[in-house]
Number of protein chains: 2
Amino acid sequence: MIEQQAARPAEGAETVSGKMRDALRAAHLYYMQDLTMDAIAHELHTSRSSVSRLLSHARASGLVEISIHSPLDLPSRIEHEILERFEVGAHVIPVPDHASDVDRLDRVALSAARILGRFIDSNQTIGVAWGSTMSAMSRHLVPKATHNSEVVQLNGAGNGRTTGIVYASELLRRFGDAFGARVQQFPVPAFFDDPETRRAFWRERSTRRLLEVQAGMDVALFGVGSPFAEVPSHVYQGGYLERADYEALSRDGAVGDVATVFYRADGSTDGIALNERATGPDFAVLRRAPRRVCVVSGRAKLASLRGALAAGLITDLIVDEGTARALVESPGDGE
Amino acid sequence: MIEQQAARPAEGAETVSGKMRDALRAAHLYYMQDLTMDAIAHELHTSRSSVSRLLSHARASGLVEISIHSPLDLPSRIEHEILERFEVGAHVIPVPDHASDVDRLDRVALSAARILGRFIDSNQTIGVAWGSTMSAMSRHLVPKATHNSEVVQLNGAGNGRTTGIVYASELLRRFGDAFGARVQQFPVPAFFDDPETRRAFWRERSTRRLLEVQAGMDVALFGVGSPFAEVPSHVYQGGYLERADYEALSRDGAVGDVATVFYRADGSTDGIALNERATGPDFAVLRRAPRRVCVVSGRAKLASLRGALAAGLITDLIVDEGTARALVESPGDGE
DNA sequence: AAGCCGGGTGAACAAACGTGCAAGGATGGC
DNA sequence: GCCATCCTTGCACGTTTGTTCACCCGGCTT
């Protein structure tokens, strides 16, 4: 069963609109007039609990937007430095150094999901990679109404029930729902076993149509993989790659991947054998997107991140504080 | 002692910036990452109470901005109707009908203060009237950093210690502080006793300089007075006007005033004797400001509001719901 | 018609939050 | 150098808020 509709049509529009109206009014009273939920419940002739739920709904559905402006004379030191050094807009997410890697990922993903709205607009094609970072983000997206947008899957995927990572179809659907966008699935494995199969598949009309959509992306959204870090990206756990593949990658000098396409520390990809079997877009295609948002969490991904920056894949970076700090320190440092 | 500085200079900039930095970080953690204040206190090595205060500070000082977007397919019915009928951008503030007039004013003023930031920008001259509405607003302004702005008093004032209304100097200072703007006081009474005195005063060089500043306003901010309503505006309580003045106003057909200048239901002002002694700007001058924001609360002011609209004084209206509803109903209805 | 189901409601409880208060520390005047 | 003063801090309390649970109500199935 393919789930692929945009924002669902008016079903009981009466009720829906009524709820929306209430939520809106509650939000006004709560956030603009500082009334207590009790008082609001009274004005709305309902219970306090319902008001609490109404407000949660208002926040989760983007009726209420909370933004944080750092005063212009105090622009985050690190963000500014990243902009200078890498020509990339940075959002640094504060996370304590002692946080666990899962905490860190969750917190970065949550913040990223809330920031994301700024990059999305109507009439856009949004490319979304498949991986643990995107999966975590998908759980917290704040809806934003757009017209005529389209979400397109950038790389193939297996299912990752094992680790809380979500079916690609589910992930894409969440993005599509949040922005009222059509969804273009890409039903292929993360890696083909045989390069020839991939080439054949790429000649298919349906595949070519999808690749054209990818090529017309306005926004690309992805994380980075780091195959040789202590905590390898999920793509490497799920058995997508064999030991031999790792050895080949190591021989080829790969330090990371974006949407299953690997690169070296200097950003080059030529001659990395595995890429012949990968399903993600060629970097030349990716770079055509004017906005390329990368979400990274954890110092383990530092080397991958450096490579992706060297490859010029990133225009906007959302990254946890520790990794950001490490990034701007001397490039030679290990972990 | 005249209080007239812009945002105070760096005093203990070290500490201030440190506090700001903490507030910013706390806001990120609280509003973007949904941490509890307890957790934030731990990360910041301080107590939970301090975090609570830090967050209050962050909100009050505009570091955190909370805005409410009604979905575009559900634009407030009334606001749209006001736009159609009067060609005026409206913000309708929900307030229950049974609220007292003071409650109503407070709530409208609070909301208005939080909306105000949208109208203010750098390099602007902001004209501010003196009255109970502006006084209530001044208590809740959300700071917004601007450069080279100027706040100028539109009309003279007595002091209103009696009813919680605040000295004009204090009121102006609050606006100036909130936007980091220079402040131009206008130290005259609300009404002169003798028209001749006014004319003489108007010939003074210092007065003419101030009038020129007023004439160059980018934004004007004012309420409306309604001299014949049950609950008369403070200007009429403080003994600024005599019984004879009211009778004259009544004879002249005045229904309201903006910054001490009176008008009739059709918006005309010619031949209203009292205006010869008023200190507010001529409407021709006022209308030169491209943005003219009017804050109104209470149906008692409905007739005044209609007059001000007829006079074309308003480009943006902030008004409570009950009054807004009354406004768009048949114009003939009384209260 | 009876019965299941999903979504919504209010009561009750536990968690999270704001604020008055007293103590501690810094600041500026003399 | 000392004191008066102001600002900040953490605690304790009372209030406000999120969430669980049992329940109800309308729609749809068998």
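Everything numeric here is computed off the predicted structure, so don't read it as measured data. Each chain gets a letter, A, B and so on, in the order its sequence line appears, and its residues count up from 1.
For the pair A/Y30 OH and D/dG18 C1', the computed distance is 10 Å after rounding to whole Å. Computed from coordinates, the A/L54 CG to C/dG10 P distance equals 11 Å when rounded to whole Å. Residue B/H57 contributes atom NE2, which lies 12 Å from atom P of D/dT9 at whole-angstrom precision. Between B/Y31 atom OH and C/dC17 atom C1' there is a gap of 11 Å when expressed in whole angstrom units.
Annotation: A/H140, atom NE2; neighbour count of heavy atoms from other residues, nucleotides and ligands within 6.0 Å is above 12.
Within the helix from C/dA1-D/dT30 to C/dC30-D/dG1, the inter-axis angle between the opening and closing five-pair segments is 30°, rounded to 10°.
With hydrogens and angles ignored, the 3.5 Å screen pairs a side-chain donor or acceptor of A/K144 with a backbone N or O of A/G117. Between the side chain of A/S138 and the backbone N or O of A/L171 there is no donor-acceptor pair closer than 3.5 Å.
Look at B/R325 and B/E329 and you find no salt bridge, because none of the NZ, NE, NH1 or NH2 atoms lies under 4.0 Å from a carboxylate O.
For the pairing with A/R182, the side-chain contact (heavy atoms from CB on, under 4.5 Å) check across A/V151, A/N148, A/V152 returns one residue only, A/N148.
Between B/L54 and B/Y30, every side-chain heavy-atom pair lies at or beyond the 4.5 Å cut-off. When side chains are defined from C-beta on, B/V142 does not count as touching B/R59, because their heavy atoms never get closer than 4.5 Å.
Applying the side-chain hydrogen bond (donor to acceptor under 3.5 Å, both in side chains) test to A/R53 and every residue at least two apart in sequence or in another chain returns nothing. Remark: A/H69 pairs with B/E65 by the side-chain hydrogen bond (donor to acceptor under 3.5 Å, both in side chains) rule, at least two apart or across chains.
Within residues 33-47 of chain B, the residues approached by DNA chain C to less than 4.0 Å at the level of any non-hydrogen atom are B/T36, B/M37, in residue-number order.
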Quick one: side chains of residues 106-114 of chain B, donor-acceptor pairs under 3.5 Å with protein atoms, not counting sequence neighbours, listed by atom name and distance.
residue, atom, partner, partner atom, Å
B/R107, NE, A/Q33, OE1, 2.4
B/R107, NH1, A/E43, OE2, 2.9
B/R107, NH2, A/Q33, OE1, 2.9
B/R107, NH2, A/E43, OE2, 3.0
B/S111, OG, B/R107, O, 3.2
B/R114, NH1, A/Y31, O, 2.9
B/R114, NH1, A/M32, O, 3.1
B/R114, NH1, A/D34, OD1, 3.0
B/R114, NH2, A/D34, OD2, 2.8

Protein proximity profile, nucleotides 19-25 of chain D - base contact B, sugar-phosphate-only contact S, no contact -, cut-off 4.0 Å on heavy atoms: BB-----

